[in-house]
Amino acid sequence: MTPNGTWAHLIMSAEALSGICATALMTGLIFARFTRPTSQILFSDRMIIAPWNGVPHLMFRMANQRQNQLVEAQLSLMILLSEQTTEGQTLRRPTDLSLVRSRNPMFAMTWLAMHRIDESSPFHGENALAKLAEVKAEVYVTLTGFDETLMQTVHARFRYMLDHILPAARFVDVVSQGEDGTRTIDYEKFLDIVEEGS
C-alpha cells in the first residue's frame, strides 16, 4: 500500500517523522535511566563515641566499594530533633553537626568521619543520649561526590538511630598494606566494633 495524493503523502511523512522522534526520545530516556550511576558506599551500621586527642568524638566510617575514586566528595551530618512550640505544635528541627573533615578530595577506600563533642554539640553533657532520645532524635548522613570514571555526580545517604550509637568503643582496623605497598580493605571486618573493657 502506498499513499495516493498530496494529503496522503503529508500524513505519511508526519507519521514517519513522529515515529522517528518518539523512538529517539524513548531510547534516550531508557538509556539515561539505566546508566544512572550508583555510589555503592558502605556505611558502618553503628556510630561510636570515642576519645580523639583527649576529646570525645562521635564517629562513623564509610567505604567506597567501587574500584574508581570519588573526586571532591562532600559529607554532611545532621541531627533531626522533635520540639514543641509554645502553641503546642510539634516540629522536626534539623540541626547541622560540624565535622572535623567534611571534604575529601579523593575518596578511594575508607573515610572515618568525626564530629567533635564540645559545648556546642547536642551530644555534650551527661545523659546526652537519654535527653536526645526524649526528643526522638535521628542522625542523617549525606555524601555527594563526582565519579571520575562515569563523569557524573553520585549521592549516598544513611540514617542512624540513637540506639545505633555505642559509647566507649572503637572500630576494628580493616585496611592492610601488602609487601608491594598495595592497600586492601577487609570488608568482612568493616562492621566490627570493639567495646572498651571487652
Side-chain angles (χ1 to χ4, degrees), residues 39 41-65 69-146 153-175 183 185 187 189-198:
S39 55
I41 302 297
L42 177 63
F43 291 87
S44 59
D45 59 350
R46 291 180 177 269
M47 298 177 119
I48 64 170
I49 296 178
W52 187 269
N53 292 329
V55 179
H57 284 70
L58 179 70
M59 305 180 189
F60 64 95
R61 66 180 173 186
M62 304 160 290
N64 184 6
Q65 292 184 290
Q69 296 182 357
L70 288 183
V71 182
E72 295 298 331
Q74 297 282 343
L75 183 66
S76 63
L77 186 64
M78 178 194 71
I79 186 169
L80 196 61
L81 305 171
S82 293
E83 64 178 21
Q84 195 167 17
T85 65
T86 55
E87 292 78 17
Q89 295 181 343
T90 301
L91 300 176
R92 298 286 278 170
R93 178 171 57 87
T95 302
D96 292 329
L97 299 176
S98 60
L99 291 166
V100 174
R101 181 166 59 102
S102 61
R103 175 181 168 273
N104 194 337
M106 291 186 299
F107 181 24
M109 298 183 70
T110 62
W111 185 352
L112 179 63
M114 298 185 294
H115 163 67
R116 181 185 175 96
I117 301 178
D118 53 17
E119 291 79 4
S120 62
S121 171
F123 293 92
H124 184 265
E126 294 184 5
N127 302 321
L129 291 178
K131 294 177 181 177
L132 290 174
E134 294 177 359
V135 293
K136 301 176 182 179
E138 299 175 358
V139 180
Y140 289 86
V141 182
T142 304
L143 176 70
T144 304
F146 189 77
T153 302
V154 295
H155 308 271
R157 59 181 177 272
F158 199 80
R159 180 182 70 168
Y160 290 100
M161 307 298 289
L162 288 185
D163 55 1
H164 294 163
I165 300 175
L166 291 177
R170 65 177 178 84
F171 289 113
V172 173
D173 192 12
V174 293
V175 179
R183 291 184 174 88
I185 299 177
Y187 288 103
K189 298 181 180 179
F190 185 81
L191 303 178
D192 292 351
I193 293 175
V194 177
E195 299 185 49
E196 277 189 7
S198 61

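Just so you know, residue 1 is the first one in the sequence shown, and it goes up from there. Keep in mind that what you see is a predicted model, and the values were worked out from it rather than measured.
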Completion exercise
For Gln74, the side-chain hydrogen bond (donor to acceptor under 3.5 Å, both in side chains) test, sequence neighbours excluded, returns none
Exercise for the section: For Leu162 and Ala133, work out which heavy atoms get closest and say how close. Expected result: CD1-N, 3.2 Å
Problem - Any Leu81 side-chain heavy atom under 4.5 Å of Thr95 side chain - result: yes
Handout entry: Backbone of Phe107 reached by a side-chain donor or acceptor of Asn64 within 3.5 Å
Key = yes
Completion exercise
Distance col, row Glu195:CD vs Arg170:CZ, nearest 0.5 angstrom, shows 11.5 Å
Problem - side-chain contact (heavy atoms from CB on, under 4.5 Å) against Ala50, all qualifying residues, sequence neighbours excluded - result: Ile48, Met59
Problem - Side chains of Trp111 and Leu143 in contact at under 4.5 Å (non-hydrogen atoms) - result: yes
Fill in the blank from the handout: Tightest non-hydrogen contact, residues Arg159 and Tyr140, listed as CD-OH, 3.3 Å
Fill in the blank from the handout: For Arg101, the side-chain hydrogen bond (donor to acceptor under 3.5 Å, both in side chains) test, sequence neighbours excluded, returns none
Exercise for the section: Measure the spacing between CE of Met47 and CZ of Phe171 and express it to the nearest 0.5 Å. Expected result: 8.5 Å
Exercise for the section: Using the salt bridge (Lys or Arg N to Asp or Glu O under 4.0 Å) rule, collect all pairs that involve residues 84-98, keeping only residues at least two apart or in two chains. Expected result: Glu83-Arg93, Arg92-Glu138
Exercise for the section: Please name the pair of heavy atoms, one in Gly145 and one in Leu70, separated by the smallest distance, quoted to 0.1 Å. Expected result: C-CD2, 4.5 Å
Fill in the blank from the handout: For Ala128 and Pro122 the tightest heavy-atom approach is CB-O, 4.0 Å
Problem - Side chain proximity check, Ile185 to Met109, heavy atoms < 4.5 angstrom - result: yes
Problem - Interatomic distance, Ser76 atom OG to Leu99 atom CG [nearest 0.5 angstrom] - result: 8.0 Å
Problem - Ile41 and Phe158, any side-chain heavy atoms less than 4.5 Å apart - result: no
Completion exercise
Closest non-hydrogen atoms of Ile49 and Pro56, given as atom of the first, atom of the second and distance, are CG2-CB, 4.4 Å
Handout entry: Tyr187 and Leu42, any side-chain heavy atoms less than 4.5 Å apart
Key = yes
Completion exercise
For residues 41-58, the side-chain hydrogen bond (donor to acceptor under 3.5 Å, both in side chains) pairs (sequence neighbours left out) are Ser44-Tyr160
Handout entry: side-chain hydrogen bond (donor to acceptor under 3.5 Å, both in side chains) pairs, two or more places apart, involving residues 116-128
Key = His115-Ser121, Asp118-Ser120
Exercise for the section: Indicate yes or no: at least one non-hydrogen side-chain atom of Val55 is less than 4.5 angstrom from one of Ile117. Expected result: no
Handout entry: Beyond-backbone contact of Leu75 with Val141, side-chain heavy atoms, under 4.5 angstrom
Key = yes
Practice task
Go through Phe60 and Leu77 one step at a time and tell me if the side-chain contact (heavy atoms from CB on, under 4.5 Å) criterion holds.
Solution key: CA-CA 11 Å; Phe60 64 95; Leu77 186 64; 3.9 Å; yes
Practice task
Could you check if a side-chain atom of Arg61 sits within less than 4.5 angstrom of a side-chain atom of Phe190, using non-hydrogen atoms only?
Solution key: yes
Problem - Neighbour count >12 (heavy atoms, 6.0 Å) for atom CE, Met161 - result: yes
Practice task
Check Ile165, Val139, Ile79 against Leu132 for a side chain to side chain contact (heavy atoms under 4.5 Å, CB included) and give me the one that passes.
Solution key: Ile79
